[in-house]
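Below, read A as the first sequence line, B as the second, and so on, with proteins coming before strands; counting in each chain starts at 1. Not measured: the values here are computed from a predicted model.
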Amino acid sequence: MTPQTDALLRTRVLHALDDVTDPEIPVLTIADLGILRDVRVHNGVVDVTITPTYSGCPAMNMIALDIETALARAGIENFHVKTTLSPAWTTAWLSEAGRQKLLAYGIAPPQEGSGRGSLFGTVEVACPQCGSTDTSRLAEFGSTSCKALWRCNTCREPFDYFRCH
Amino acid sequence: MVTNTISVSETPQVLYALRRADDALILGHRLSECCGHAPTLEEDMALANIGLDLIGQARALYALAALREPSLEDGRANTEDTYAYLRDVGQYRNLLLCELPNGDFGRIIMRQFLYSAFIDPYWRAMMKSSDAQLAAIAEKAEKETAYHLRYTSEWVIRLGDGTPKSHDRMQAALEFLWSYTGEMFDTDEAEAMLQAEGMIIDASAIHDGWRTTVQTILDRATLTLPQSAWMQKGGRSGRHSEHLGFLLAEMQQLPRSEPGAVW
């Protein structure tokens, strides 16, 4: 194996991983979401590093499985998938393309700076349906660990908000 | 396949990781018992989500304990699963607060509030640990516990400053839980060794900040801080209430009766 063949293999790996999406938000690839931290190839051996969005994210096992499947389908055999906690995943890693995809899917993307700070910090979240910022939070914890449940007071639609983290 | 209770070589590092992991697992399990029983769907999901965060944190800490534990005489090594499923009551190191039965929704919220107001600043301080793996776990956990604290604070205020009935129930929950809060701030020789190396922080240093947070929220909730200074302790050294045995019996039933069962 030469550095050139390693670089070629890495391109194939990245291409194969383009098809791996978050099982709970299937419009986002793991690269969009920032879960995919690193892909290294050395002497033909591939190391894929992923990081969980939340400690107990139940999708992590499935994502690791999906990565293995995608690589195997692409004819890549010699690989390891490992999980790292540090640096801790943050919603800041969500790509701009990812934010746009979320919005189109009906999930309000995270608003920076709304994660912590004051105990009762308020945040302005725009409705992904009509764009109104006259919205209110119904529940801090939504359908998955990474989302909260909100409602638009203008169009009255409930919607998911991707919590800032 | 092993179903018998394991032995654990509790070096200070292993003991520390197990204490924090056991807190998270046992409290996470208590919250999982609420699944399908909370007053509304939103709160049901919230409690399940908080439980999930805690069990995730427990896994990371058990994995760390397994990494740090010297291998056993017969060459076997403990794992996340053997710590969780094959230790008996006396080997669990969690705070008594975490194992108390749920009671009503008010008590579940109050228990979670008292714990979150401690563990959130605790993990934030632990991000400076000289141990890179502990610092990584802290960095991850702290983002989650910040939400737990906000969620429970809102409910303590809403129920405390709610109807006379909800107020009385919250005050009763506080009185019931109060004597179990002192254990959070204890340290012992094993932890002092790790503190000297900069691996962990002194939990007692969190106390004043915790007290301020609790007082602030209770004031807004029109609740009164209990006066009793007497504190019940024992969980850290394996002296537990009878409740933990019932919890473990349920949690460990499958791996104990179907050894080696996999998903």
Side-chain angles (χ1 to χ4, degrees), chain A residues 24 34-35 37 49-65 82-93 110 112-123 136-151 158-165, chain B residues 24-25 28 31-32 38 40-61 63-64 113 116-117 120 123-124 127 129 131-157 213 216-217 220 263:
Chain A
E24 285 173 342
I35 291 177
R37 293 315 297 159
T49 306
I50 52 176
T51 188
T53 52
Y54 284 74
S55 298
C57 179
M60 284 311 282
N61 287 344
M62 194 164 163
I63 289 170
L65 208 67
K82 57 178 185 176
T83 303
T84 182
L85 285 182
S86 181
W89 179 84
T90 149
T91 33
W93 294 352
E112 288 311 319
S114 60
R116 51 165 329 113
S118 73
L119 216 46
F120 304 100
T122 51
V123 52
S136 49
R137 193 185 74 200
L138 293 178
E140 179 84 88
F141 294 85
S143 54
T144 67
S145 303
C146 53
K147 287 177 280 180
L149 186 62
W150 281 61
R151 180 177 55 199
F159 63 91
D160 274 332
Y161 165 58
F162 203 107
R163 296 195 303 173
C164 192
H165 205 52
Chain B
L25 178 68
L31 290 172
S32 78
T40 68
L41 184 60
E42 285 78 5
E43 304 327 313
D44 206 276
M45 293 201 311
L47 295 178
N49 266 309
I50 295 173
L52 193 60
D53 285 342
L54 292 175
I55 291 168
Q57 293 165 13
R59 287 191 59 181
L61 287 158
L64 182 65
F113 166 67
S116 302
D120 183 51
W123 285 132
R124 203 174 314 137
M127 288 163 62
S129 167
D131 183 308
Q133 282 166 304
L134 277 175
I137 291 171
E139 189 186 356
K140 190 85 222 157
E142 187 273 337
K143 286 165 175 270
E144 295 158 0
T145 52
Y147 274 104
H148 304 172
L149 178 57
R150 188 163 84 186
Y151 167 80
T152 52
S153 297
E154 288 177 359
W155 266 113
V156 168
I157 294 169
T213 305
T216 305
I217 299 301
R220 291 184 60 173
W263 188 247

**Message:** Going by the rule side-chain contact (heavy atoms from CB on, under 4.5 Å), which residues pair with B/Ala136 if we only count those two or more places apart in sequence or in a different chain?
**Reply:** A/Leu85, A/Ser86
**Message:** Please classify the contact between B/Ile137 and chain A as side chain, backbone, both or neither, with a heavy-atom cut-off of under 4.5 Å.
**Reply:** both
**Item:** chain A contacts, top residue of B/Met45, B/Glu43, B/Gln133 (heavy-atom pairs, under 4.5 Å)
**Value:** B/Met45
**Request:** Verify whether one side chain among A/Ser55 and B/Asp53 offers a donor that lies under 3.5 Å from an acceptor in the other.
**Result:** no
**Item:** Pair B/Glu139-A/Trp89, side chain to side chain contact (heavy atoms under 4.5 Å, CB included): steps then yes or no
**Value:** CA-CA 9 Å; B/Glu139 189 186 356; A/Trp89 179 84; over 6 Å; no
**Item:** A/Leu138 CG to B/Leu41 CG distance, which is reported to the nearest 0.5 Å
**Value:** 11.5 Å
**Message:** Quick one, A/Tyr54 and B/Lys143 - any side-chain contact, counting heavy atoms below 4.5 Å?
**Reply:** no
**Prompt:** Is chain B contacted by the side chain of A/Thr144, its backbone, both, or neither, given a heavy-atom distance below 4.5 Å?
**Reply:** backbone
**Message:** Return the NZ to OG1 distance between B/Lys140 and A/Thr84, rounded to the nearest 0.5 Å.
**Reply:** 10.0 Å
**Interface moiety of B/Leu52 toward chain A, non-hydrogen atoms closer than 4.5 Å** = both
**CG on B/Asn49 to CZ on A/Arg163, rounded to 0.5 Å** = 6.5 Å
**Asked** Pick from A/Ala139, A/Pro58, A/Gly142, A/Pro87: which one has the most heavy-atom pairs with chain B under 4.5 Å?
**Response** A/Gly142
**Request:** Kindly compute the distance separating CD (B/Glu42) from CD (A/Glu140), expressed to the nearest 0.5 Å.
**Result:** 13.0 Å
**Request:** Can you label the angle between the A/Phe141 ring and the B/His148 ring as parallel, tilted or perpendicular, going by 30° and 60°?
**Result:** tilted
**Request:** Please report the closest heavy-atom contact between A/Asn61 and B/Arg59, naming both atoms and the distance.
**Result:** ND2-NH1, 4.5 Å
